[in-house]
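Please read these numbers as outputs of a predicted model, since none were measured by experiment.
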Amino acid sequence: MKEFVSIDGQRIEEGFPLRSLFYGEGVFETFRWKTAPPVFWDRHLLRMRMGAESLGIPFPGIGDIERIIESAVFDSQIPDAYVKICLLSQGSSVFYEIPQGASILIVIRQYQTSDGLIKAHVSSLRRSSTSPILRMKSLNYLENILARREARGLGFDEAVFLNEKGEITEGSASNIFWLKDGVLFTPSPECGLLSGVIRGVVIGIAEEIGIGFEEGHFDLDSLTSSQCAFFTNSLIGAISISQIDGLELRSDSRDFNRIKAALLERLVW
């Protein structure tokens, strides 16, 4: 099928990742690279491959992507870097067609530490617990953008999503945990969330150091009545939540400090 596409009057040749531009069809990963590859980057690349397979995007191979990332980080000359890698979808501009190729986009910038406490806002948007998109780290990120903008516009740092049943799911760019009576709680993936790499590490740490763990379906009261709550992802590690919509939370606990210390040790930060 003949097709003519241009940007600012300049024709776009074949191979441009139109499908990612038009439909958000693509997957990405972000992590901190502190003088060496992140400890868990094999998990990041495995998740990227699984997401690509779900979307039908040809995957270049984990070894090839590793070499591209290493070369880009070396060229950047940034020893402590934020790294974002995107697998962009190429092919027909007809939305239901199968992708025919892929491009790799890498963004590297100086890592910015986030040692402060986090103030969270419960988003007015609701997640769909049955959405398959939420279970992959896709470029279809508009809900996350809108939720974070809403939170920041109201003076908060991060958003907390609920699903259509009023159950807690995740942050706009993080997973969420809380502690109560010696037990660590976190929403189940069936609530509608992305199961993050650090989420899995934290769950393993809790089991190793003898903290009880419960994954399930929880309402907002479960979180706001907790003794300590925190967000996790591969850029921040674990950071305490100081308040949710003005409700003050304890930002420190012995169990949280044990989890955070063990996590930082594993991440080699």
Got [X] and [Y] here, is their nearest side-chain heavy-atom distance under 4.5 Å?
X	Y	answer
Arg47	Arg43	no
Ile12	Ile7	yes
Ile106	Ile108	yes
Phe16	Gln90	no
Trp33	Glu70	yes
Val183	Phe213	no
Leu46	Asp42	no
Ile85	Leu105	no

Quick check: does any side chain N or O of [X] sit under 3.5 Å from a backbone N or O of [Y], one acting as donor and the other as acceptor?
X	Y	result
Tyr23	Ser93	yes
Glu97	Gly91	no
Glu150	Ser124	yes
Asp219	Ile168	no
Ser76	Ile78	yes
Glu158	Ala173	yes
Arg266	Phe40	no
Ser20	Pro17	no
Thr224	Leu220	yes
Asn144	Ser172	yes

Just wondering, more than 12 heavy atoms not from [X] lying within 6.0 Å of its [atom1]?
X	atom1	value
Gln77	CD	yes
Ile98	CD1	no
Gln10	CD	no
Tyr96	OH	no
Met50	CE	no

For this session: Indicate, with yes or no, if the rings of Phe185 and Phe218 have centres closer together than 6.0 Å.
Result: yes

Exercise. For the rings on Phe177 and Phe231, is their centre-to-centre separation under 6.0 Å?
Worked result: no

For this session: Establish, for the pair Lys34 and Tyr111, whether the NZ or CZ atom is under 6.0 angstrom from the six-membered ring centre and no further than 45 degrees off its axis.
Result: no

Where [X] and [Y] come nearest, the two heavy atoms and their spacing:
X	Y	answer
Ala229	Ser226	CB-OG, 4.1 Å
Leu87	Ala52	CD2-CB, 3.7 Å
Val83	Val73	CG2-CG2, 4.1 Å
Lys165	Ser129	CE-OG, 4.0 Å

Nearest 0.5 Å, what's the [atom1]-[atom2] distance between [X] and [Y]?
X	Y	atom1	atom2	result
Phe59	Arg49	CZ	CZ	7.0 Å
Lys119	Leu247	NZ	CG	13.5 Å
Ile176	Thr169	CD1	OG1	9.0 Å
Leu88	Arg19	CG	CZ	12.5 Å
Leu21	Ser89	CG	OG	11.0 Å
Tyr141	Leu146	OH	CG	12.5 Å

Exercise. What's the verdict on side-chain contact (heavy atoms from CB on, under 4.5 Å) for Ile259 and Ile211, showing C-alpha distance, side-chain angles and the deciding distance?
Worked result: CA-CA 9 Å; Ile259 291 171; Ile211 295 175; 3.8 Å; yes

Name every donor-acceptor pair, under 3.5 Å, that has one atom in a side chain of residues 187-205 and the other anywhere in the protein, sequence neighbours excluded.
{"from": "Ser188", "atom 1": "OG", "to": "Glu190", "atom 2": "N", "distance (Å)": "3.2"}
{"from": "Ser188", "atom 1": "OG", "to": "Glu190", "atom 2": "OE1", "distance (Å)": "2.2"}
{"from": "Ser195", "atom 1": "OG", "to": "Arg199", "atom 2": "NH1", "distance (Å)": "3.1"}
{"from": "Arg199", "atom 1": "NH2", "to": "Pro187", "atom 2": "O", "distance (Å)": "2.9"}
{"from": "Arg199", "atom 1": "NH2", "to": "Glu215", "atom 2": "OE2", "distance (Å)": "2.6"}

Problem set entry | Carboxylate-amine/guanidinium proximity below 4.0 Å for Lys137 and Glu29 | no

Problem set entry | Ionic contact status for Asp80 with Arg32, cut-off 4.0 Å | yes

Exercise. How far apart are the C-alpha atoms of Glu66 and Leu45, what are their side-chain angles, what is the distance that settles it, and do they pass the side-chain contact (heavy atoms from CB on, under 4.5 Å) test?
Worked result: CA-CA 8 Å; Glu66 287 177 343; Leu45 297 181; 3.4 Å; yes

For this session: Take Phe256 and Lys260 through the test side-chain contact (heavy atoms from CB on, under 4.5 Å) and record every step on the way to the result.
Result: CA-CA 6 Å; Phe256 170 68; Lys260 184 173 183 178; 3.8 Å; yes

